[in-house]
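Because the structure is predicted, anything quoted here is derived from the model rather than measured.
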Amino acid sequence: MRNILSLCSFTLLIVILSAVSCSSGKEYQSSKRDIKDKELSVVSPTIVPDTFVLPDIPEVITDTDERAKYLVSHYWDRFDFSNADLARRPEITEQAFVDFINILNYVPKANADESLVNALRSAEADTAMYVHFISLFEKYFYDPNSPFRNEEYYIPVLNEIARSSMLTDVSKSVYKFQLDMVKKNRVGERANNFSYTLASGRSYSLYDLQSEFTILMFSNPGCPTCEAVIAQMAKSAPINNALSRNSANRTMLTILTLYPDQDLDEWLSHLSDLPTGWVHGYDKDLKITNQRLYDIKAIPTIYLLDKDKRVLLKDTSIEAVESFFSVQH
């Protein structure tokens, strides 16, 4: 039922964003210049108890992008953050939260970040509500199984938690650790280097790989999900097409599976199950784990890197990797 409610509510939000007035072009241009002044003259919205009500977007704002910015900025204006009972009403609060994060992609990142921080600051009206909102941000932006997972949106939230006085230092330490981890290997940055060892005993570094692209996959032997993902990757037309372009003079794609744990015998016993033509290694000195070089929240964890080992896709899915090679290469 909650999934159906999410779909219906989100559809309503799109209708709201798309609504336009009947202003003429000249009137519209004049109105657009007056948006800021008219926003300031709007009466403060009334808090509506025991429910969630969307803000009223001024009719003068007819541009879809501007409507989205207004909606994101004022989304929580009529929500009673002081009512702790609403934290126990997922059909109200969590539903509103899901719809909120659904529309963040319709505004520039700076607007999204500002709205996320403002929402958390508004939740400071009640300690229970504040803790609840933190749990929602963690559930939807950080949990590896969340379809809304987005560490770039989670970072401003974590920065805000770190400066807040609402939590004890012990409680904040969990989120400070998360902040440290999500800042590692961000998209656009060079991935942390590490050494990997082959079954032959020879060791190399990630940066040693001379390849236009590298799929880095952290996996464990005997992991059913890993086996399913590896099988899917092995049959993938876009990925195999990229591999087929490898030659003696140029390597288009390298697939590196990396075992980050310490049971070497277990890894060796499953080595024959892995596809030939890929590179399979293990972390001999356990530096990836001990030095926390990568945030491996779940197995498997997949990265796509470019020739300079800059992160193109972080903690991603096979579908996203396939889409990358299908569309761009």
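To the nearest 0.5 angstrom, Leu253 atom CG is 7.5 Å from Ile239 atom CD1. To the nearest 0.5 Å, atoms CZ (Phe100) and OH (Tyr75) are separated by 8.0 Å. Considering CD1 of Ile215 and CG of Leu243, their distance stands at 7.0 Å, rounded to 0.5 Å.
Formation of a donor-acceptor pair under 3.5 Å by the Asn185 side chain with backbone atoms of Ala191 is not found in this model. Lys172 contributes a side-chain N or O that, together with a main-chain N or O of Ser164, makes up a donor-acceptor pair within less than 3.5 Å. Within the 3.5 Å criterion, the main-chain N or O of Ser195 finds no donor-acceptor partner in the side chain of Lys284. With Asp208 contributing its side chain and Ser205 its backbone, the two residues share a donor-acceptor pair below 3.5 Å. The main-chain N or O of Asn241 is found under 3.5 Å from a side-chain atom of Ser244 such that the two form a donor-acceptor pair. Without hydrogens or angle criteria, Asp63 side chain to Asp65 main chain gives a donor-acceptor distance under 3.5 Å. A donor-acceptor contact shorter than 3.5 Å links the side chain of Ser146 to the backbone of Tyr140. With Ser219 contributing its side chain and Cys226 its backbone, the two residues share no donor-acceptor pair below 3.5 Å. Under the 3.5 Å distance criterion, the side-chain polar atoms of Ser135 are matched with a main-chain donor or acceptor of His132.
Note on Leu71 and Val117: separate hydrophobic clusters, where clusters join Ile, Leu, Val, Met, Phe, Trp and Tyr whose side-chain heavy atoms are under 4.5 Å apart, directly or indirectly. When hydrophobic clusters are built by joining Ile, Leu, Val, Met, Phe, Trp and Tyr residues whose side-chain heavy atoms come closer than 4.5 Å, directly or via intermediates, Leu274 is grouped together with Leu268. Trp278 and Leu271 fall within a single hydrophobic cluster, where Ile, Leu, Val, Met, Phe, Trp and Tyr side chains are chained together by heavy-atom contacts under 4.5 Å.
Using a 4.5 Å cut-off on side-chain heavy atoms (C-beta onward), Asn83 and Asp126 make no contact. Contact of the Phe324 side chain with the Thr316 side chain is not registered, since no non-hydrogen atoms from C-beta on lie closer than 4.5 Å. A 4.5 Å side-chain heavy-atom check between Met233 and Ile230 finds every atom pair outside the cut-off. Between Asp99 and Phe52 there is no side-chain heavy-atom pair separated by less than 4.5 Å. Considering only heavy atoms from C-beta on, Met217 stays 4.5 Å or farther from Ile255 through its side chain.
Salt bridge status for Arg245 with Glu212: absent, with no side-chain N to carboxylate O gap under 4.0 Å. A salt bridge links Glu124 to Arg163: at least one charged side-chain nitrogen sits closer than 4.0 Å to a carboxylate oxygen. Salt bridge absent: Arg89 and Asp50 never bring a charged side-chain N and a carboxylate O closer than 4.0 Å.
Taking the six-membered ring where tryptophan is involved, the planes of Tyr153 and Phe141 are tilted, since the angle between them lies from 30° to 60°.
For Tyr154 and Phe148, the gap between ring centers reaches or exceeds 6.0 Å. Centroid-to-centroid, the aromatic rings of Phe81 and Tyr130 stay 6.0 Å apart or farther.
Considering all non-hydrogen atoms of both residues, Thr51 and Phe79 come closest at O-CD1, 4.1 Å.
Of the residues Lys184, Arg149, Arg186, the one that meets the salt bridge (charged side-chain N to carboxylate O under 4.0 Å, His left out) test with Asp315 is Arg149.
Grouping Ile, Leu, Val, Met, Phe, Trp and Tyr residues whose side-chain heavy atoms lie under 4.5 Å apart, directly or via other members, places Val279 in a hydrophobic cluster with Val187, Phe194, Tyr196, Leu198, Tyr204, Leu206, Tyr207, Leu209, Leu216, Phe218, Leu256, Leu258, Ile288, Leu293, Tyr294, Ile296, Ile299, Tyr303, Leu305, Val311.
The side chain to side chain donor-acceptor pair (under 3.5 Å) contacts involving residues 109-122 comprise Lys109-Asp113, Arg121-Glu160, where partners must be two or more places apart or lie in separate chains.
The closest side-chain donor-acceptor pair between Gln232 and Glu319 falls under 3.5 angstrom.
Atom CD of Glu189 has more than 12 neighbouring heavy atoms from other residues, nucleotides or ligands inside a 6.0 Å radius. Within 6.0 Å of the CZ atom in Arg202, the count of heavy atoms belonging to other residues, nucleotides or ligands does not exceed 12.
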